[in-house]
Structures are given as structure tokens and as C-alpha cells.
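Everything below concerns the one structure shown next.
Keep in mind that this is a model prediction, so the values were computed, not measured.
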Number of protein chains: 2
Amino acid sequence: MEINEALAALRALAQPTRLALYRLLVPAGPTGMAVGELAEQLSVPHSTLSAHLGVLRAAGLVLDTREGRSIRCRADFGRMDALLAYLSENCCAGHGACAPLRTCSTLFPPGAAARAPLPRVRQRR
Amino acid sequence: MEINEALAALRALAQPTRLALYRLLVPAGPTGMAVGELAEQLSVPHSTLSAHLGVLRAAGLVLDTREGRSIRCRADFGRMDALLAYLSENCCAGHGACAPLRTCSTLFPPGAAARAPLPRVRQRR
DNA sequence: CATATGATTCGATTATTCTAGAAATATGGA
DNA sequence: TCCATATTTCTAGAATAATCGAATCATATG
């Protein structure tokens, strides 16, 4: 990861609604949640939520798939892993003593959602 | 860690100068760097740097100690660990399958600087 | 095609953050 | 004490971000 990607990810998470939004998606795993479901749980107007979601998407932290009229969002754990690694880079004065960071991105690799027991859908855009 | 602490830490890191500042402190380890040294390396006016440093300190990411006329700053790795853990909390839909996150805070516990400073990381001038 | 539903874009407004010069504070030494 | 060095605080203008209603777009279905 390079600095501008890290900054985009940090800026995206550094806002109450967006952090709550992201943290709602974390336990939802590769199944994710629909946009309307998120707006309802967070009690935020749709236009406001949509703007926040746009920031998270632009930062690469959230991916989505259209399912009929609704859009299902999920956290991109690989991207979060990259951010966590970036934040600890060159730690230990380069002695290489830090254990590698790991999250469930290993357990739910990209594509897991498509293979999961969910209706077949196509990518947006 | 609770949400407001996480937000403060994320806001603190979500700014180019402050992220660069923090990343300068990471390889410096428990020895840290003086404020003036940081300002010089970042080519930022002292008042601007001081303001940014204040944000990082308020977020608990940077600790400092006065040494005569100068103030020596160092990254608080424990705080960063807590932030990283917060960002992956409830991952894996609560299956507890995520490996625990770990950084060198275990290797350099609080107080390490005073007792046993490591050899200084080479700095560019 | 007409209509309903889910989501985004467009605006204007309000709020927050960044920046850096000048002044102030803290420490050490002659 | 007086002076030099290191850092912070104060200030205010400039830049950026958040908010949300109304309009618009995309899709499904009768």
C-alpha cells in the first residue's frame, strides 16, 4: 500500500457514521448487508448514507454487488489487512521481529462471496 | 478501546503530515525523535508541526518526554495495537477464527526507552 | 408502458480542520 | 541576570468535509 491509499482509508474511517457503518459490515462477513438495511440500522437519511458509502468505496474498504433493486455491501478485509500492515511497517527498527498481521481475509479470500450460498449476481459498473 | 478513542486515533492519522510524522516515529522505536528533528525532516514550520503533534498526542498515539530544552517523542505501540484490534473486532462473524494481532509493543513494553534504549536507527539528513 | 422501490447525485448551507506568522513559555548556560 | 534555543499557544483566514431535501437514475413487476 502507498501513502495516498492509506490516507484515503484512514480518512474514510475517521468519521463516526462511516466507522459505525464499517463496523456493521465486519461481522456481516462476505454476505454483507443491503444499503437500505444499513441506513435503517444507523438512522441516517439515505442521501447522507450514500455519500458516506461512496467514501468507503473510493477508499477500497467496501465492495458491493447489485442484487435486483438493492445493493449489497461487504467489507474488503484484504484492504483492511493492507492498511494494518502499512501502519506497522518498519516497526522494530527494521529488526523484523514483528509478527505478521493477519485477519480473516485469509479465511474469506476475494471471491468467497460469489461462492457463498447467495443468489448469483453481477458486479456493478 | 471505545469508539471515540478509535475515532480520535483515526482522525489523527488521516492527514498527510501527521501520517508521515507517525511513520517517522515507528522505525525510531522507543528511542524516539526530538520535535525539531521531526520538523526539519518534514520541512514543516514549527507551529504547524506542533499543532499536528498535539493531535497525535491527544489521540494517545505519541508519547513524549522532555530532555533539557528539547522534547523527545515516541510512538505508543500499545495504542496502535488497540486500534488495530478495534478495527478487526467481531470479524469472522464471531467465530473467533482471526489470529490475534501483534506488533512490537510486546517487545518494547512501556518504559523500555528509559531502561534499555536500542541502538539508534540511521537517519537521513 | 406505468408505477413502485432502492439507491445515487445535485444543490446549498453549515461546520470543521489546516496553516503559519507573531507572541509567549520553558530550559540551559555565560 | 541576560541571552540563545526549543517548543507551544494564539490568531484568523483559507480549504475541506458533513448534511440532507429534492431531483434523478436503475431495476422489477403489473
Side-chain angles (χ1 to χ4, degrees), chain A residues 3-4 6-22 24-25 28 31-59 61-74 118-125, chain B residues 3-4 6-22 24-25 28 31-59 61-74 123 125:
Chain A
I3 191 159
N4 288 318
L7 278 170
L10 289 165
R11 261 197 302 265
L13 295 169
Q15 202 280 336
T17 305
R18 289 196 298 263
L19 184 55
L21 183 42
Y22 184 81
L24 224 38
L25 291 176
T31 303
M33 291 172 73
V35 175
E37 203 177 347
L38 291 165
E40 194 188 345
Q41 291 226 13
L42 294 170
S43 306
V44 158
H46 283 193
S47 64
T48 302
L49 186 99
S50 186
H52 286 311
L53 216 35
V55 174
L56 285 165
R57 282 197 272 246
L61 290 165
V62 168
L63 303 173
D64 50 44
T65 315
R66 179 172 279 277
E67 275 182 19
R69 273 180 292 219
S70 68
I71 291 173
R72 181 161 291 273
C73 303
R74 67 202 131 83
L118 291 170
R120 179 86 179 84
V121 287
R122 77 177 158 84
Q123 286 291 315
R124 284 189 87 225
R125 202 169 295 267
Chain B
I3 191 160
N4 288 318
L7 279 169
L10 289 165
R11 262 196 302 264
L13 294 169
Q15 201 280 335
T17 305
R18 289 196 296 265
L19 183 55
L21 183 41
Y22 184 81
L24 224 38
L25 291 176
T31 303
M33 291 171 73
V35 176
E37 204 177 345
L38 292 165
E40 193 188 346
Q41 291 223 12
L42 295 171
S43 307
V44 158
H46 284 190
S47 64
T48 303
L49 186 99
S50 185
H52 286 312
L53 216 36
V55 174
L56 285 165
R57 282 197 272 246
L61 290 166
V62 168
L63 303 172
D64 50 42
T65 316
R66 180 172 278 278
E67 275 182 20
R69 270 180 294 216
S70 67
I71 291 175
R72 182 161 289 274
C73 304
R74 56 189 196 285
Q123 308 287 350
R125 292 293 296 174

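Legend: residues meeting side-chain contact (heavy atoms from CB on, under 4.5 Å) with B:Ala59, ordered by chain and number and at least two apart, are B:Ala8, B:Ala12, B:Leu61. Checked against side chain to side chain donor-acceptor pair (under 3.5 Å), B:Arg69 has no partners two or more places apart in sequence or in another chain. In this structure B:Thr65 satisfies the side-chain contact (heavy atoms from CB on, under 4.5 Å) test together with B:Arg74, sequence neighbours excluded. B:Ala20 pairs by the side-chain contact (heavy atoms from CB on, under 4.5 Å) definition with B:Leu42, not counting sequence neighbours.
Taking atom CZ of residue B:Arg72 and atom C1' of nucleotide D:dT5, one finds them 16 Å apart after rounding to whole Å. A:Ile71 places its CD1 atom 12 Å from the C1' atom of C:dT5, with the value rounded to the nearest Å. The distance from atom CG of B:Leu56 to atom P of C:dC18 is 11 Å, rounded to the nearest whole Å. Distance CG (B:Leu49) to P (C:dC18): 13 Å, rounded to an integer number of Å. Atom CG in A:Leu7 sits about 11 Å away from atom P in D:dA17, given to the nearest Å. One can place CG of A:Leu42 at 15 Å from P of D:dA18, the figure rounded to the nearest angstrom. At whole-Å resolution of the value, CG in A:Leu53 and C1' in C:dG6 are 13 Å apart. The nearest whole Å value for the distance from the CD atom in A:Gln41 to the P atom in C:dG6 is 16 Å.
Taken to the nearest 0.5 Å, the CD1 atom of A:Ile71 stands 11.5 Å off from the CG atom of A:Leu38.
For D:dT16, neither phosphate oxygen OP1 nor OP2 lies less than 4.0 angstrom from any side-chain nitrogen or oxygen of A:Arg11. The shortest distance between the side-chain N/O atoms of B:Arg57 and the OP1/OP2 oxygens of D:dT7 is not below 4.0 Å. Taking only side-chain nitrogens and oxygens, A:Ser70 never comes nearer than 4.0 Å to OP1 or OP2 of C:dG6.
Side-chain atoms of B:Cys73 and B:Arg57, non-hydrogen and from C-beta on, do get closer than 4.5 Å to each other.
Evaluation of the side chain to side chain donor-acceptor pair (under 3.5 Å) test over residues 42-56 of chain A, restricted to residues two or more places apart or in two chains, returns A:Arg18-A:His52.
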Quick tally for nucleotides 19-30 of chain C: nucleotides whose base has a protein heavy atom under 4.0 Å get B, sugar-phosphate-only ones S, the rest -, giving SBBB----BB--
